[in-house]
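Just so it is clear, the values below take in all heavy atoms, side chains as well, and ignore hydrogens, waters and symmetry mates.
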2 protein chains.
Amino acid sequence: MLELRHLRSLAAIADTGKLVQAAGRVHLTQSALSHQMRALEAHYGTTLFQRTGAGLRFTPAGQRLLQLARETLGAVAGAERDLARLQGDTRGDLRIALECHTCFDWLMPVMDEFRVRWPEVEVDLLAGFHSDPLDLLKSGKAELVIGSQKPRGRDYVALPLFRFEILVVMPLEHRLRTKRRVAAADLKGETLITYPVPEDRIDLVSQVLKPAGIRLERRTSELTVAILQLVASRRGIAALPNWGVRNYVDLDYVIARRIGAKGLWSDLHAVVPRTLAGRPYMTEFVEIIRAKCAAGLTGIELL
Amino acid sequence: MLELRHLRSLAAIADTGKLVQAAGRVHLTQSALSHQMRALEAHYGTTLFQRTGAGLRFTPAGQRLLQLARETLGAVAGAERDLARLQGDTRGDLRIALECHTCFDWLMPVMDEFRVRWPEVEVDLLAGFHSDPLDLLKSGKAELVIGSQKPRGRDYVALPLFRFEILVVMPLEHRLRTKRRVAAADLKGETLITYPVPEDRIDLVSQVLKPAGIRLERRTSELTVAILQLVASRRGIAALPNWGVRNYVDLDYVIARRIGAKGLWSDLHAVVPRTLAGRPYMTEFVEIIRAKCAAGLTGIELL
DNA sequence: GAATAACTTGAATTAAATTCATATTAGAGT
DNA sequence: ACTCTAATATGAATTTAATTCAAGTTATTC
């Protein structure tokens, strides 16, 4: 008999396309999912997927069940929000600080969705640059910080978001254009264009260049588009998240290359005070980030 | 974690108001339901019911979950209909014959609902009186017979609907008005007003009067209202299902009394050819009858 | 104040889902 | 064609969870 568990699995399979990854999302093994889906197929006497070497593709019957899953899981989440409201006061403030400038790119739609679901929560984005965003939590000026830093104390918890790859962005005719991957030594003599943040907050510097003993000229700009314009007009190179440059690469505006053999990756977390971490709207805000980013950004990996 | 099982139980509890009866509907014991609901309450940290001596009353939180249950179970049923359609031809005929005249009272809304859900199935009600409705199945003139008779052979199956009580209906000032229950002997000398069917098809006669060796005058009429008019104007008494007379009793048009100590009860079934019994639209038609009757008729008991 | 008709509870049982370890399959690259 | 890789499938063992069983409570009715 159909259970929500099946629908949750179905949705995870649709999101990831693969049993192994879907299994991770629903905290099961790949084998469990295989058994589960097989049992579903037996129950309805239909095939729900076309098994290809590269994962599962939904059949029409599978799609119909997936549609049910989407509707149903949405309705369940809505009801659970209402239960939380019935239990007590769910109002609160959610002031957000960003450690990474590029996160603006995806934050707005996340906030929009959140405001629909939790109209009683005051969401705000703290503007401007902050030397140490985690301090904002301690001083009570923010309730949530998005970034790669993890908190030291026991008073704050880091809720995992996703891992993304940082690519070197270069002008079209750059001398390194023929390389598929770029090593630290290759970059000697370049000018690095970054957001106006301390050097040690730039992963390319702290994790690649500094260990290799290389120092580059720097130039800063506040906006991603401005950085890309500078790169395109040969004023230097930049290091930006995969998702932030993908569009410009596709438009042949700049080129982007992997850094080192495995690439330079960074983990993003949402850091919140432990006292607020259990609030339903907090966990849901994080859930919305994960869902929207997994759906909308290319080349990321949910943590 | 919430599962459809919980929602199915919740809906059953709402329909019946009692754990024992709800348990029957979802094929569990009452204890299982108690554990299940207790676990749900623990999971959400809320109370879902107010336990009274006479059953369970939903709290606001319980009502919200019940609303979710109604939406969700409807959506699931819809999806399962579509799966059946995707699997093959779901068209078919559903010609219905009635053994009991009073069933007209509830059949129309059932058919309406069915037509919405299964537009591709041709539903029809066979008009007129049939001496042996089960013969219509054998001769291929009907696909479903509603009545108390059970089929003899292995070629037909009886799907249980509900049990209802048959009451004696009498004019307001009748000599038996002071009795709470009426015995066979009390009825001696009365005129019995019935639908125009053979005597052995009238439960009061075959199960109460004949065993007691009592024969009454008979007078017949096609319509329930006409029978009630005759009764009200003192032309005789009648034996009709609880649900069919309830309104007229409430309006002080006639009075109705229980027959014997435990009452006279009759079981209603839907008899269908075995070959068609598995068709999704068949099981759903029966399901609609049970649901609508359980919700709309008083004094019945689902089988 | 017993009898009834509910629900609750904890332990025992049963059933079902999940994992583990391994097999199988399909496709890509050489 | 062959081997490597990245998938899913399978069957038995295990674990987990749900359900029943057998009393135990509680409220209400007559």
Among residues at least two apart in sequence or on other chains, which ones pass side chain to side chain donor-acceptor pair (under 3.5 Å) with [X]?
{"X": "A:Arg81", "result": "A:Glu284"}
{"X": "A:Asp82", "result": "A:Arg85, B:Arg64"}
{"X": "A:Ser148", "result": "A:Ser266"}
{"X": "A:Tyr248", "result": "none"}

Atom-to-atom span, [atom1] of [X] to [atom2] of [N] - whole angstrom:
{"X": "A:Lys18", "N": "D:dA7", "atom1": "NZ", "atom2": "P", "value": "5 Å"}
{"X": "B:Phe49", "N": "C:dC7", "atom1": "CZ", "atom2": "C1'", "value": "12 Å"}
{"X": "A:Met37", "N": "D:dT8", "atom1": "CE", "atom2": "P", "value": "12 Å"}
{"X": "B:Leu48", "N": "C:dC7", "atom1": "CG", "atom2": "P", "value": "15 Å"}
{"X": "B:Arg57", "N": "C:dA6", "atom1": "CZ", "atom2": "P", "value": "15 Å"}
{"X": "B:Leu19", "N": "C:dA6", "atom1": "CG", "atom2": "C1'", "value": "9 Å"}
{"X": "B:Leu33", "N": "C:dT8", "atom1": "CG", "atom2": "C1'", "value": "13 Å"}
{"X": "B:Ile13", "N": "C:dC7", "atom1": "CD1", "atom2": "C1'", "value": "11 Å"}

Sorted by chain and number, sequence neighbours left out, salt bridge (charged side-chain N to carboxylate O under 4.0 Å, His left out) with B:Asp105 holds for none
Quick one: salt bridge (charged side-chain N to carboxylate O under 4.0 Å, His left out) partners of B:Glu165, sequence neighbours excluded? B:Arg258
Within the 4.0 Å limit for protein heavy atoms, which parts of nucleotides 9-18 of chain C are touched? Write it as a string from 5' to 3', B for base, S for sugar-phosphate only, - for none. BBB-----SS
Across nucleotides 23-30 of chain C, 5' to 3', mark each nucleotide with B, S or - according to how protein heavy atoms within less than 4.0 Å reach it. --------
Apply the side chain to side chain contact (heavy atoms under 4.5 Å, CB included) test between A:Glu41 and each candidate in A:Thr59, A:Thr46, A:Thr47; give the one that qualifies. A:Thr47
Exactly one of B:Thr102, B:Leu167, B:Val168, B:Ile255 clears side chain to side chain contact (heavy atoms under 4.5 Å, CB included) with B:Val245, and that residue is B:Leu167
Would you work out how much the helix from C:dG1-D:dC30 to C:dT30-D:dA1 bends between its ends, with each end axis defined by five base pairs, to 10 degrees? 30°
Would you list the pairs meeting salt bridge (charged side-chain N to carboxylate O under 4.0 Å, His left out) in which at least one residue belongs to residues 242-256 of chain A, sequence neighbours left out? none
Using the test side-chain contact (heavy atoms from CB on, under 4.5 Å), find all partners of B:Ala54 that sit at least two apart in sequence or belong to another chain. B:Thr52
Which side-chain N or O atoms in residues 22-31 of chain A pair as donor and acceptor under 3.5 Å with protein atoms at least two apart or in another chain?
{"unit_1": "A:Arg25", "atom_1": "NH1", "unit_2": "A:Asp15", "atom_2": "OD2", "d": "3.3"}
{"unit_1": "A:Thr29", "atom_1": "OG1", "unit_2": "A:Ala32", "atom_2": "N", "d": "3.1"}

